[in-house]
Amino acid sequence: MAVTLTAEQRELRTVVRGFFADRSDEAEVRRQMDTAQGYDPALWRQMAEQLCLQGMAVPEEFGGAGFGHVELGLVLEEAGRAVFGGPLLSTALAAEAIRAAGDEAARKELLPQLAEQGAVGAVAVLDVPGGWSADDVATAAERSGADWTITGTKIHVVDAAAAALLVVAARTADGPALFVVETRADGVTLTPEPTLDQTRKQARVELAGAPARLLGEVSAGRAAVERLLATGAIHLAAEQVGVAARALELAVEYSQTRYQYGRAIGSFQAIKHLCADVLTAVETARSAAYAGLLALDTDDPELALTAGAAKVFCSETATAATATCIQVHGGIGFTWEHPAHLYFKRAKASESLFGTPAAHRERLADALGLSGGAR
């Protein structure tokens, strides 16, 4: 789809880009990634209280800004450009899961905490490596009267250590469903996991009879889990567009200032071709991501297909763009001091979140009746 922003949306992008440039530049990103939390709580509160970035797509009645997923996508894209390490993606996704679950009591109680009060949320879906589907949910939820408990282990939970609450996918006797678990509750153990991307913290979450709150109805649980996964893929795709776009900018900027044989290296055809190919890919990826965001806003019945396409295009584009950035920079691009590796690591680590491109291609092929689809 063609991406045509309104004047208000362009202004939002300008404000958010300026905010990250001023408050979360490269030096700050590097400082925060060496901390246990991985983000600045004071900055996080400012984002919630003054800009309402966490609640961009949350209705105003629940403390949000009342915009849609397209506006949230703009914010996530700018966060990707800055390789922002705060729990924005995870909190926005947790808020959307609660909003979409149809549980009015949970909306009234929990959404204001995430949207305007600075609480951190996260989503815990993955039970086994690569198991990003409702059918792969194995963590068990058991009911005793009106109360629920969850037992199982979730891996690679982004921003779990910083979160006050988790939206957990668990399997009931009637199928998968979504639950809210407080991270400080009895039976919840968080263990940090090493990651390629040092700017984004992940943890292993062990649940041993942890008290849980059902979101919505069990009968609608599978649909809720599937929408959460589709939303996560699309939100991440928007962020990946920002990563790719900034990597391309860094490559072009360097090619105009680095001289070899008396000429800027950007004047050489080989460099021109590399950058032109990445530019084409970035624009295609942006179209795919915004098609996904629009599908979320309109409750498109083909949301899962659109999400899969967005994840494939944006994951592969982010990886290609960041690798090209390193290639154009040559030797300096491999150094710790240069920001190129921050973007490359974010791109590679994001490939596996909410399903790899290969997994999404397989699902798209199955949905379209193309057996033996490319992996």
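- Residue Glu26 qualifies as enclosed at atom CD: its count of foreign heavy atoms under 6.0 Å is above 12.
- Proximity of a side-chain donor or acceptor of Arg81 to a complementary backbone N or O of Glu239 within less than 3.5 Å is not detected.
- Checking Thr195 against Arg200 by side-chain atom types alone, no donor-acceptor pair falls below 3.5 Å.
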Please evaluate residues Leu293 and Leu72 with respect to the criterion side-chain contact (heavy atoms from CB on, under 4.5 Å), reporting the C-alpha separation (whole Å), side-chain torsions for both, the decisive distance (0.1 Å), and the verdict. CA-CA 9 Å; Leu293 295 165; Leu72 176 58; 5.8 Å; no
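- The two residues Ser350 and Leu236 have their closest heavy-atom pair at O-CD2, 3.4 Å.
- The shortest non-hydrogen separation linking Ala295 to Leu303 is CB-CD1, 3.9 Å.
- Heavy-atom neighbours of Gln269 CD from other residues, nucleotides or ligands within 6.0 Å: at or below the threshold of 12.
- From Leu296, atom CG reaches atom CD of Glu96 across 6.5 Å, with rounding to the nearest 0.5 Å.
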- request: Decide yes or no on side-chain hydrogen bond (donor to acceptor under 3.5 Å, both in side chains) for Thr199 and Asp197, but give the supporting numbers first.
  value: CA-CA 5 Å; Thr199 66; Asp197 177 14; 2.5 Å; yes
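- At distances below 3.5 Å, not a single donor-acceptor pair connects side-chain atoms of Asp136 with backbone N or O atoms of Val128.
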- Message: Determine whether Thr183 and Leu165 satisfy the following criterion, side-chain contact (heavy atoms from CB on, under 4.5 Å), listing intermediate values before the conclusion.
- Response: CA-CA 5 Å; Thr183 55; Leu165 60 87; 6.0 Å; no
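- Summarising the local packing, CD of Glu302 is surrounded by 12 or fewer heavy atoms from other residues, nucleotides or ligands at distances under 6.0 Å.
- Within 6.0 Å of CG on Asp186 lie no more than 12 heavy atoms contributed by other residues, nucleotides or ligands.
- Ring geometry, Tyr254 versus His329: the interplanar angle falls under 30°, so the pair is classed parallel (tilted spans 30 to 60°).
- Within a 6.0 Å sphere centred on CZ of Phe313, other residues, nucleotides and ligands contribute 12 heavy atoms or fewer.
- At distances below 3.5 Å, at least one donor-acceptor pair connects side-chain atoms of Thr280 with backbone N or O atoms of Ala276.
- For Gln260, the CD atom sits in a packed shell: over 12 heavy atoms of surrounding residues, nucleotides or ligands are nearer than 6.0 Å.
- Exactly one of Asp127, Thr153, Thr151 qualifies for a side-chain contact (heavy atoms from CB on, under 4.5 Å) with Thr139. That residue is Asp127.
- Under the 4.5 Å side-chain contact rule for hydrophobic residues, Leu88 and Ile98 share a cluster.
- Ionic pairing of Glu253 and Arg246 is present here: one or more N-O contacts between side-chain nitrogen and carboxylate oxygen are shorter than 4.0 angstrom.
- Summarising the geometry, atom OG1 belonging to Thr356 is positioned 9.5 Å from atom CD belonging to Glu316; distances are rounded to the nearest 0.5 Å.
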Could you go through the side-chain contact (heavy atoms from CB on, under 4.5 Å) check for Val188 and Leu207 one step at a time? CA-CA 5 Å; Val188 180; Leu207 304 166; 3.9 Å; yes
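- The two atoms that bring Ala310 and Ala237 nearest to each other are O-CB, 3.9 Å, heavy atoms only.
- The distance from the CD atom of Gln46 to the CG atom of Leu53 is 9.5 Å, given to the nearest 0.5 Å.
- A side-chain donor-acceptor contact under 3.5 Å links Asp103 to the backbone of Gly216.
- The closest side-chain donor-acceptor pair between Tyr39 and Glu28, if any, does not fall under 3.5 angstrom.
- One distance of note links CG of Leu111 with CD of Gln54; it measures 13.0 Å at 0.5 Å rounding.
- Under a cut-off of 6.0 angstrom, the local environment of CZ in Phe268 is crowded, with over 12 non-hydrogen atoms contributed by other residues, nucleotides or ligands.
- Between the side chain of Arg286 and the backbone N or O of Gly242 there is no donor-acceptor pair closer than 3.5 Å.
- Under the 4.0 Å criterion applied to side-chain N and carboxylate O atoms, Asp299 and Arg227 are assigned as salt-bridge partners.
- If you check the side chains of Glu351 and Thr319, you find a donor sitting under 3.5 Å from an acceptor.
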Please walk me through it: do Val123 and Val157 pass side-chain contact (heavy atoms from CB on, under 4.5 Å)?
CA-CA 7 Å; Val123 296; Val157 182; over 6 Å; no
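- For the pair Thr35 (side chain) and Arg31 (backbone), a donor-acceptor distance under 3.5 Å is absent.
- Residues passing the ring-ring contact (aromatic ring centres under 6.0 Å, His included) test with Phe20, sequence neighbours excluded: Phe84.
- Rounding to the nearest 0.5 Å places NE2 of His341 at 11.0 Å from CG of Leu196.
- With hydrogens and angles ignored, the 3.5 Å screen pairs a side-chain donor or acceptor of Ser267 with a backbone N or O of Ala264.
- A distance-only check finds a donor-acceptor pair linking the side chain of Gln113 to the backbone of Glu109 [under 3.5 Å].
- At least one donor-acceptor pair closer than 3.5 Å links the side chain of His360 to the backbone N or O of Phe354.
- Interatomic distance, Gln9 CD to Leu74 CG, rounded to the nearest 0.5 Å: 6.0 Å.
- Residue Glu249 qualifies as enclosed at atom CD: its count of foreign heavy atoms under 6.0 Å is above 12.
- Using modelled atom types, no side-chain atom of Trp44 and backbone atom of Gly86 make a donor-acceptor pair closer than 3.5 Å.
- In this structure the side chain of Leu166 never reaches within 4.5 angstrom of the side chain of Val180, judged on heavy atoms.
- Summarising the geometry of Val167 relative to Ala97, their closest heavy-atom pair is CG1-CB, 4.0 Å, with the distance given to 0.1 Å.
- Taking each heavy atom of Gly68 and Ala57 in turn, the nearest pair found is O-CB, 3.8 Å.
- Side-chain heavy atoms closer than 4.5 Å link hydrophobic residues (I, L, V, M, F, W, Y) into clusters, and following such links, even through other members, never connects Leu76 to Leu248.
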